[in-house]
Amino acid sequence: MFDRKKIGPCAYEIPQEKGMKVPGLVIASEELLQEQELTESINQVKNVAYLPGIVGYSIAMPDIHWGYGFPIGGVAATDVNHGVISPGGVGYDINCGVRLATAPIDFKKLSENDKQKLIQEIYKNVPSGVGKGHVGKRPISNHEYDELLTMGAKWAIGEGYGFSEDLARMESHGVIFGADPTKISDTAKGRGRIQLGTIGSGNHFVEIGEIEQIFLPGIASDWNIHQGQTYILIHSGSRGLGHQVCQDALDLFIQKKYDLDLPDKQLVAAPFQSKEGQDYFAAMAAAANFAFNNRQKILHEVRDAFYSILKIPHGQISLLYDVCHNIAKIEEHEVHGRMKKLCVHRKGATRAFGPNHPELLESYKKTGQPVLVPGDMGRASYLLAGLGNPLTFSSSCHGAGRARSRIKSLKEWANRDTVEYMREQGVIVKASSPKTIAEEMPDAYKDVDLVVDATEQAGLAKKVARLKPYLVLKG
Amino acid sequence: MTKQSELKRLFIAWECSTSYSETFPRGRSIYPLHLTLAFLGDCKLTPALASPEFFQSALGKIAPCGLAKKLLFLPENISRVVALKIENLPPYFFEGRQIIVQWLQENGFSIDKRPFYPHVSLSRNPFDKEEWIQWFKETTVICKNLHLYESVGNLVYEPLWSIPFTPPYEEIEHTADFGFLIRGYDLKELLSNAQIALATKFPELIPYITPSEPIDLNQVKLFLNKMISKVDEEIGSPIKAISYHGTLEKKTDFLEWEMIIDV
């Protein structure tokens, strides 16, 4: 176990060691700390604290697990004037994120036949798995490509994939300003070209289920959700385009020797105000805009499926919120009593603005921002309301966090019918690869209830609803 | 004069595995799969041959690995064996074999003089050639231990001695992604073994494997990432990037690198 000092409920400070510019901060319950091997991830929290210009803490969320460079579930804020931007602090899948929508029908009212047909239709509409792009559809032109990279989700809506009301229900209204498509390599564009509207592989998914429990009826009412209602959760990112943007920046930063004073090359970081830093931010913003469009297009395909199978009009599938959980955002936060403009890196962490934050839609100003926490495909996901905790630069957890490696999960489920097992648990799972299902079985993840409880006790966000998945399309 | 009963049908071979997960088509499957270095025929197990020390010193520490891009039917006219033609083997594989062959000849063993074509037999007749051609997919081939085998008939091969070698790569635990320990005598081989490690897990990468001569670990990572980008652009890649995490460890006999892969 690591050296730590309790500084609040579910909050532990890691003392500053030589080379660290700030202390570490781990948000977790004792139970979470005891049940997992944290040596590698805590070392990564300490390594992140070496970043030039980092302020506050190098932070780990309750869903922290071992990444490379940054831990997954990590937050680091750097001063935009004197600090750095780190592509590894954003991650390869730039603006990997989650969106939650609701349907105007209680899940229990869906017949077994409807459920089967619905997931089958979504499986048909939304390409998933390795290398799956939209076949036979018109490829986007270069001009269109540049537009979507600049405009964000507004582009998809202009193309008929959604409604203008959707925009207000997205983090940053579905666009990261400052995007510059000319800062993206042709290779990156090539990787993303046919991947718009696709889930990808790994832990990405489309999940449909029932709002199982409401914890805060007032907020639930404000957000127009109720117990028993059907929800749709979509998890995907910027696909190959984002990966290449990250890779290109890492290659360049290392070539420029921006890694020399850091304990791990994957943390390589350029001064935010440098040409390399600014170019990366512009490319990252463009990749983030690709991801907003990607999730918008996937939602459109899901809306198509609901209309096709259940005759629910597209407009009645309401987007509740869309969050980024791999991103660097320019935000103002108080540091040592003074407001400062910071580059907040969230790698496997979700922004969780509290009530009255000026960026939020009126309906969310009253309640705090919706925070979406996908769990695993068997147990639950959560909808939280952000509390804007200054300790974590208004950040919260982003999921359950992996507890078991992909190899271990594959071994554990080798020669077993995972689809049948999930069906026995009441969950219909579809995926292009059975291997993906084995890697993503519920027991490969921490218990999301514990993660969310720690998040709430630490005062980062509060529980609004527990969501129970029943139909899952995996990447 | 040697009695017939003292003669054994012997050969020296690497035990190996492939990336195939599916069962083979009809035929008499060969188990364990092996890559023969020297076939000795019916001969006596002399004390020198019975001792594995020399063979270990001739072949170094790391087991070799390669690729199979072509199926062979041997002999060509009236085929009795289906085999994989093995390519991309490292130079030390051939150098080591040469040392062993020379030693065997000096010690009175009769070794086939025909040119050596590395191959791994998969099955013996009866088999349907067309069925195998339809089934065939490119694969990686990874050697494990070296054995002196005795062929006791009916496709049964009994090891008389075995030498363990360090694997060219090993999959390691990583909570969120995948990782491998990659080994090689130099950077060129480290890159080659890293490519084969990736292709063993994801055989669709095999056509994209190409040699290169990196000058440092950064170049190894850059080369691998370029390969992944190309695969993703053309057919979709199951892996997204090689991370910059991990440094080169200089072990006593070889280089080692912890390769972490984003999926």
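In what follows, chains are A, B, ... by sequence order, proteins preceding strands, each numbered from 1. Keep in mind that this is a model prediction, so the values were computed, not measured.
Interface remark: A:Glu439 contributes side-chain atoms only to the contact with chain B (heavy atom separation under 4.5 Å). Within the 4.5 angstrom heavy-atom criterion, atoms from both the backbone and the side chain of A:Leu250 approach chain B. Contacts between A:Lys189 and chain B at a heavy-atom distance below 4.5 Å are absent for every atom of the residue.
By the side chain to side chain contact (heavy atoms under 4.5 Å, CB included) test, A:Ala270 is found to be paired with A:Phe253, A:Tyr258, A:Ser274, A:Glu276, residues two or more places apart in sequence or in another chain being considered. For B:Gln56, the side chain to side chain contact (heavy atoms under 4.5 Å, CB included) partners at least two apart in sequence or on another chain are B:Ile163.
Looking at A:Tyr92, its side chain does come within 3.5 Å of a backbone N or O of B:Ile242 through a donor-acceptor pair. Counting only distance, with no hydrogens or angles, the side chain of B:His245 and the backbone of A:Gly67 share no donor-acceptor pair below 3.5 Å. A distance-only check finds no donor-acceptor pair linking the side chain of B:Glu233 to the backbone of A:Arg191 [under 3.5 Å].
If you check the side chains of A:Asp251 and B:Tyr244, you find a donor sitting under 3.5 Å from an acceptor.
Atom CG of A:Asp261 sits in a sparse spot, with 12 or fewer heavy atoms from other residues, nucleotides or ligands closer than 6.0 Å. Enclosure of atom NZ in B:Lys230 is not indicated, since only 12 or fewer non-hydrogen atoms of other residues, nucleotides or ligands lie within 6.0 angstrom.
Listed in order of number, the residues of residues 398-408 of chain A that approach chain B to under 4.5 Å between heavy atoms are A:Arg402, A:Ala403, A:Arg404, A:Ser405, A:Arg406, A:Ile407, A:Lys408. Scanning residues 212-228 of chain B against chain A with a 4.5 Å heavy-atom cutoff picks out B:Asn218, B:Lys221, B:Leu222, B:Asn225, B:Ile228, ordered by number.
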Check step by step if side chain to side chain donor-acceptor pair (under 3.5 Å) holds for A:His243 and B:Asp232. CA-CA 10 Å; A:His243 282 82; B:Asp232 200 34; over 6 Å; no
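For the pair A:Ser201 and B:Pro238, the tightest heavy-atom approach, listed with the atom from each and the gap, is OG-O, 4.5 Å. Between A:Trp66 and B:His174 the shortest heavy-atom distance is O-CE1, 3.3 Å. Taking every heavy atom of both residues into account, A:Lys435 and B:Phe202 meet most closely at NZ-CE2, 3.8 Å.
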